[in-house]
Amino acid sequence: MDRLLIKGGTVLEGELRASGAKNSALKMFAAALLADEPVTVCNVPHLRDITTMIELLASLGVDVVIDEKMSIEIHANTIQRFTAPYELVKTMRASFNVLGPLLAHYGRAEVSLPGGCAIGPRPVDQHLRGLEALGAKIEMTDGYVKATVKGRLQGARVLFGCRTVGGTEHIMMAATLAEGTTLLENCAREPEVVDLANFLNKMGADVQGAGTETITIHGVESLKGCSHRVIADRVESGTYLIAAAATRGRVKIREANPAHLRVVIEKLREAGAKITLTDDAIELDMEGRRPCAVSLVTAPYPAFPTDLQAQIMAMNCVAEGTGIIKETIFENRFMHVHEMNRMGANIQLEANNTIAVVEGVESIFGAPVMANDLRASVSLVIAGLVAQGDTVVDRIYHIDRGYEQVEEKLQNLGADIRRVAMEQM
Ligand code: UD1
């Protein structure tokens, strides 16, 4: 099992290119099951989660062709099976989203209930309610969801009980092939939802309103092939901006989308960063200053993303002042706190572990650490970068799920970081 070995104390400086958004690409792979012709998804990041999704499609008999630039061509019409097994769905929640497209296109699907990051219970009730509203018959047996429909799904009105990204995307995809019009209310407005809607429309779907609370889908009889480039990964860009701010450095991120990171940029400016924006690049410069602690509440887009909460906490650990961070999206998403405290940070959990009060300290110290989720793991890398001495981050397979070439990108910014296999330690 690989680990990351970090010698802390370097100031990050330089440029990097934002990777494509994993959370967009994964849903597009599921959406490809709706088409009668091959679709191509470009700018796909080279990540474990992407490989898992490709394995899942291959297990259904779907032909997947990958070129050297990570353009992925998917031929859904070669499908032979309609069951997504536990072994593949358990490692990644996004794979659950093949249920709706399989059902909408082929009238049946059997998909294991999902796993994913260990960040509290992550129900799928909104997904299942939505599919039922469109006329699906749903049965649960032995941890599998079995869905069937006689003929086509039927357009319906669906009011989501909470702002769910995965749920909004799931029902939006299924409704594209339904008979009649579907009205989705209380939708998630994340950029990845908009990216997916653009992709579906290129396939010939009629989806209006993505990016607002209400999405209208006029069902069509079939969907065709298309080619689509996924948007930049805003969480990845945000992670490197925060890492540079924490180390008092400067970074330019090319091929990024500043419009998707407005609140994050606002918080980094509050932390003391000088930020310059163009249409597709973000430049951050701390001018050597120690960051000021920032307070925030995670909430659905366009508010501060839960996926950057742990990283900003790492910055707060060594910032001037006190930052209060409230997590409202997931329970159990403060697993990094204990590890950061072991490194000498001063973080108190309050209000039933939903609020973290971070008292900035002058310096923290390297230690062996690990975490059980993707963003928590990368936050420990940031903590290692600002710590004095050596940090070993264990269980980095979590990081490999979501960060393309993480150590290469950080090395290019001047970080002293390397990957080591356990036996080399
Ligand atoms: C969530 C994040 C997304 C992030 C992704 C990966 C939000 C709103 N969503 O998306 O930004 O990229 O994790 O970490 O920040 N819920 C239900 N029933 C459901 C579905 C969801 O109760 O059927 C609840 C969840 O428990 C959670 C909230 O709704 O509290 C948001 O979940 P959801 O947006 O669906 O999660 P993801 O799609 O995984």
Side-chain angles (χ1 to χ4, degrees), residues 20-27 30 45 47-50 53 89 91-100 111 113-133 138 140 145 158-174 184 186-196 211 213 230-239 260-261 263-264 296-312 325-336 354 371-379 398-399 401-403:
K22 157 179 100 84
N23 289 340
S24 268
L26 289 173
K27 307 300 167 56
L47 295 171
R48 263 266 311 278
D49 274 6
I50 296 289
M53 195 66 168
V89 183
T91 53
M92 189 189 55
R93 187 179 160 83
S95 51
F96 185 68
N97 281 34
V98 300
L99 180 68
V111 177
L113 283 164
C117 291
I119 49 180
R122 298 178 75 175
V124 288
D125 55 306
Q126 300 296 320
H127 301 232
L128 300 180
R129 271 193 51 238
L131 293 175
E132 275 176 339
I138 308 252
M140 310 271 269
V145 178
V158 177
L159 172 65
F160 291 108
C162 61
R163 283 278 165 84
T164 157
V165 179
T168 300
E169 292 168 333
H170 203 164
I171 309 309
M172 182 171 82
M173 289 191 279
L184 305 181
N186 195 27
C187 295
R189 295 182 287 165
E190 268 69 357
E192 293 77 20
V193 176
V194 179
D195 200 23
L196 179 62
E213 280 173 32
V230 300
I231 55 171
D233 191 322
R234 64 194 165 99
V235 179
E236 190 212 29
S237 299
T239 299
H260 294 162
L261 281 159
V263 175
V264 178
L296 57 94
V297 180
T298 66
Y301 188 83
F304 196 93
T306 175
D307 277 352
L308 287 171
Q309 175 260 108
Q311 296 87 317
I312 207 107
I325 296 182
K326 182 169 181 190
E327 171 62 51
T328 73
I329 304 293
F330 294 117
E331 292 167 35
N332 200 15
R333 212 179 191 182
F334 281 143
M335 284 174 298
H336 42 284
T354 58
N372 293 325
D373 100 53
L374 165 58
R375 309 301 171 186
S377 300
V378 87
S379 75
H398 291 292
I399 299 182
R401 285 187 46 207
Y403 289 89

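For ligands, and for the atoms within them, numbers begin at 1 and follow the listed sequence.
At a heavy-atom distance under 4.0 Å, only side-chain atoms of Thr306, from C-beta outward, approach ligand 1. Only the side chain of Asn23 comes within 4.0 Å of ligand 1, counting heavy atoms alone; its backbone N, CA, C and O stay farther away. Contacts with ligand 1 closer than 4.0 Å are made by no heavy atom of Arg375, backbone or side chain.
The residues Glu327 and Arg333 are annotated as not salt-bridged, no charged nitrogen and carboxylate oxygen being separated by less than 4.0 angstrom.
Checking only distances, Phe330 never comes within under 3.5 Å of ligand 1, N or O to N or O.
Atoms of ligand 1 found under 4.0 Å from any heavy atom of Thr164, numbered from 1 in the order shown, are 20 (C), 21 (C), 33 (P), 34 (O), 35 (O). Below 4.0 Å from some heavy atom of Arg163 lie the following atoms of ligand 1, by number and element: 8 (C), 31 (C), 34 (O). Near Gly166, the atoms of ligand 1 lying under 4.0 angstrom from a non-hydrogen atom of the residue are 35 (O), 38 (O). Of all atoms in ligand 1, numbered sequentially from 1 with element shown, those under 4.0 Å from a heavy atom of His127 are 23 (O). Atoms of ligand 1 found under 4.0 Å from any heavy atom of Cys162, numbered from 1 in the order shown, are 16 (N), 17 (C), 22 (O), 24 (C), 29 (O). Atoms of ligand 1 found under 4.0 Å from any heavy atom of Gln126 (numbered from 1 in listed order, with element): 18 (N), 19 (C), 23 (O).
In this structure, Phe304 has no ring-ring contact (aromatic ring centres under 6.0 Å, His included) partners at least two apart in sequence or on a different chain. Applying the ring-ring contact (aromatic ring centres under 6.0 Å, His included) criterion to His260, with sequence neighbours excluded, gives no partner residue.
For the residue pair Tyr403 and Arg375, a side-chain donor N or O sits within less than 3.5 Å of a side-chain acceptor on the partner.
Judged by distance alone, the side chain of Thr298 and the main-chain N or O of Thr328 form a donor-acceptor pair under 3.5 Å.
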List the steps and the verdict of side chain to side chain contact (heavy atoms under 4.5 Å, CB included) for Leu308 and Thr239.
CA-CA 7 Å; Leu308 287 171; Thr239 299; 3.5 Å; yes
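Leu261 has its side chain within reach of Ser237: a pair of non-hydrogen atoms, C-beta onward, lies under 4.5 Å apart.
For atom 27 (C) of ligand 1, the nearest non-hydrogen atom from the set Ile329, Asp307, Leu374 belongs to Ile329. In the candidate list Asp125, Val165, Val235, Val193, Val165 is nearest to atom 3 (C) of ligand 1, counting heavy atoms.
What you find for Pro300 and Arg163 is that their closest heavy atoms are CG-CB, 3.7 Å.
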